[in-house]
There are 2 protein chains.
Amino acid sequence: MNITQHTDYALRVLIYLGACPERRVTVKEVAERFDISRSHVMKIVNQLVTLGFVEGLRGKGGGLRLGRPAGEIGVGEVVRRMEPGFDLVDCFRAESSCLLNANCRLKGALHAALQAFLAKLDELTLADLIVNQPRLRDQLGIVELTPVA
Amino acid sequence: MNITQHTDYALRVLIYLGACPERRVTVKEVAERFDISRSHVMKIVNQLVTLGFVEGLRGKGGGLRLGRPAGEIGVGEVVRRMEPGFDLVDCFRAESSCLLNANCRLKGALHAALQAFLAKLDELTLADLIVNQPRLRDQLGIVELTPVA
DNA sequence: TTAAAGATACACTTAAAATGTATCTTAATG
DNA sequence: CATTAAGATACATTTTAAGTGTATCTTTAA
């Protein structure tokens with residue numbers, strides 16, 4: 001059981017943006033900081049923009065910043081919307097035809113567990129992940145008002 | 001986010017065995033019933049045997065049956081031991097070196113959510129998934145004392 | 001001894017995730 | 001208005017892990 005890097009990095013990008021609210025951050029900078037491909041970051045960012053979590057501005061001097069205050073971005077919400085599928089098992093999907101289907105208790109049990117998982121994440125907002133901003137900025141290598149070279 | 005078919009089918013195999021306690025069930029029968037490859041079932045069964053959830057007997061007249069009473073097989077336990085990795089995200093793994101690492105709250109949050117997920121499954125045993133055995137047997141196509149042709 | 005079962009090993013296929021490359025669009029600025 | 005720097009989009013390629021297939025070994029009952 002795992003979450004895709006896609007979702008994982010979506011959260012990390014949001015943390016980065018949240019820790020650096022005074023300026024726009026570029027995709028290039030994020031990719032270099034986290035040492036992953038620019039195109040992967042771009043895909044993630046695009047989705048975040050589409051969903052309203054991030055605001056992207058094109059052109060010279062453009063870049064990214066949070067689309068809403070960190071306190072209004074739920075961690076559970078991000079995971080729910082970024083993760084491609086929550087069809088924990090085959091029988092969650094419409095076209096599935098497991099023998100048990102009708103009164104299968106397994107399906108219900110897994111569904112309940114999934115809800116518990118997400119509910120736990122719903123307890124937090126992005127702001128909760130960015131407490132102690134100075135230290136976080138330090139770890140992320142964010143220097144005052146100076147973008148990456 | 002999903003669980004591998006491996007784990008999914010492990011649970012289904014256990015349900016099948018639990019619903020058919022009066023005789024040994026063969027791998028072939030299970031594969032045909034669930035319409036998946038014999039070798040996939042074999043791999044799953046092997047693991048279940050290694051873990052003690054299932055008892056396999058070779059040779060003519062051999063087959064599978066539960067290794068313990070259904071009431072003593074925890075659903076959470078099965079998922080925990082069958083699922084290949086619970087490294088929800090990269091930073092769960094030892095060799096990972098995320099920038100945030102040290103005081104990253106994300107890691108803690110995801111870990112707590114995972115625990116909530118498993119705790120929910122820990123509330124159930126295999127026996128809870130096999131209530132209404134007659135109906136289940138009917139759905140699984142289990143006929144009294146008559147193996148699949 | 002034979003047949004029927006699980007056990008083991010390994011090669012192959014498939015699907016999805018991640019990466020790479022190229023090009024388009026937008027916006028600031030000299 | 002041209003240039004430059006940014007995100008947006010599209011598509012092809014690579015990589016990885018999950019699943020499948022085939023062959024052979026081992027065990028056990030009859």
Side-chain angles (χ1 to χ4, degrees), chain A residues 1-10 12-13 17 23-32 34-67 82-90 93 147-149, chain B residues 1-10 12-13 17 23-32 34-67 82-90 93 147-149:
Chain A
M1 190 165 100
N2 46 27
I3 274 178
T4 58
Q5 272 190 49
H6 205 75
T7 303
D8 181 13
Y9 277 113
R12 297 202 215 176
V13 168
L17 297 183
R23 64 173 168 90
R24 289 181 182 276
V25 172
T26 67
V27 167
K28 189 177 171 223
E29 176 181 343
V30 172
E32 284 174 0
F34 289 124
D35 194 31
I36 50 176
S37 78
R38 203 186 100 98
S39 79
H40 196 190
V41 174
M42 189 50 101
K43 266 194 204 162
I44 293 161
V45 164
N46 253 284
Q47 208 176 333
L48 288 169
V49 168
T50 302
L51 295 172
F53 293 122
V54 165
E55 183 200 294
L57 181 68
R58 297 187 187 188
K60 199 167 180 174
L64 314 166
R65 65 178 171 201
L66 292 183
M82 292 298 294
E83 191 66 15
F86 278 108
D87 306 313
L88 264 190
V89 290
D90 184 58
R93 328 218 300 174
V148 172
Chain B
M1 191 166 99
N2 46 30
I3 274 177
T4 58
Q5 273 190 49
H6 206 75
T7 303
D8 181 12
Y9 277 113
R12 296 200 217 178
V13 167
L17 297 183
R23 64 172 169 89
R24 290 181 181 277
V25 171
T26 67
V27 167
K28 189 177 171 222
E29 174 181 344
V30 172
E32 286 175 358
F34 289 125
D35 195 30
I36 50 176
S37 80
R38 202 186 100 97
S39 79
H40 196 191
V41 174
M42 188 51 98
K43 266 193 207 165
I44 294 160
V45 164
N46 253 283
Q47 209 175 333
L48 287 170
V49 168
T50 301
L51 295 172
F53 294 122
V54 166
E55 181 199 296
L57 181 69
R58 299 186 187 189
K60 197 164 180 177
L64 315 166
R65 67 178 171 201
L66 292 183
M82 292 299 295
E83 192 65 14
F86 276 109
D87 306 313
L88 263 190
V89 291
D90 184 58
R93 329 219 299 176
V148 172

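The shown structure was predicted, so the numbers you read here are calculated from the model rather than taken from an experiment. So that the names make sense, note that chain A is the first sequence line, chain B the second, and so on, each numbered from 1.
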Task: B/Met42 CE to B/Lys28 NZ distance, which is reported to the nearest 0.5 Å - done: 12.5 Å

TODO: Side-chain contact test, heavy atoms from C-beta onward, threshold under 4.5 Å: evaluate it for A/Leu64 versus A/Glu55 and give yes or no.
DONE: no

- [ ] Would you indicate whether the side-chain heavy atoms of B/Ile3 and B/Met82 approach each other to under 4.5 Å?
- [x] no

Minimum-distance nucleotide to [X] side chain [options: [options]]:
X: A/Val49; options: D/dA8, D/dG19, C/dG20; answer: D/dA8
X: B/Lys43; options: D/dA8, C/dC10, D/dT22; answer: C/dC10
X: A/Arg58; options: D/dG21, C/dA18, C/dT25; answer: C/dT25
X: B/Leu64; options: C/dG6, D/dT28, D/dA6; answer: C/dG6
X: A/Ser37; options: D/dG21, C/dT8, C/dT19; answer: C/dT19
X: B/His40; options: D/dG19, D/dT28, D/dG7; answer: D/dG19
X: A/Val45; options: D/dG19, D/dA8, C/dT21; answer: D/dA8
X: A/Lys60; options: D/dA5, C/dT19, D/dA8; answer: D/dA5

Open item on the list: Taking the nucleotide of DNA chain D with the nearest heavy atom to each, does A/Ser39 or A/Gly59 sit closer to the 5' end?
Closed with: A/Gly59

Distance, rounded to the nearest Å, where [X] contributes [atom1] and [N] contributes [atom2]:
X: A/Arg24; N: D/dA5; atom1: CZ; atom2: C1'; answer: 14 Å
X: A/Tyr9; N: C/dA17; atom1: OH; atom2: C1'; answer: 13 Å
X: A/Met42; N: D/dC11; atom1: CE; atom2: C1'; answer: 15 Å
X: B/Leu17; N: C/dG6; atom1: CG; atom2: C1'; answer: 13 Å
X: B/Ile36; N: D/dT20; atom1: CD1; atom2: P; answer: 7 Å

TODO: With heavy atoms under 4.0 Å as the rule, sort B/Val25 into base, sugar-phosphate or nothing.
DONE: sugar-phosphate

Open item on the list: Need one value for A/Val30: base, sugar-phosphate or nothing, where a base atom within 4.0 Å counts as base even if backbone is also close, heavy atoms only.
Closed with: nothing

Open item on the list: Is there a side-chain contact between B/Asn46 and the phosphate of C/dG6, meaning an N or O under 4.0 Å from OP1 or OP2?
Closed with: no

- [ ] For C/dA17, take OP1 and OP2 only and decide whether either is under 4.0 Å from a side-chain N or O of A/Gln5.
- [x] no

TODO: Applying salt bridge (Lys or Arg N to Asp or Glu O under 4.0 Å), run through A/Arg23 and A/Glu29 and close with a yes or a no.
DONE: CA-CA 12 Å; A/Arg23 64 173 168 90; A/Glu29 176 181 343; 3.0 Å; yes

Open item on the list: Whether the B/His6 and B/Glu83 side chains hold a donor-acceptor pair (N or O, under 3.5 Å, no angle test) is what I'd like checked.
Closed with: no

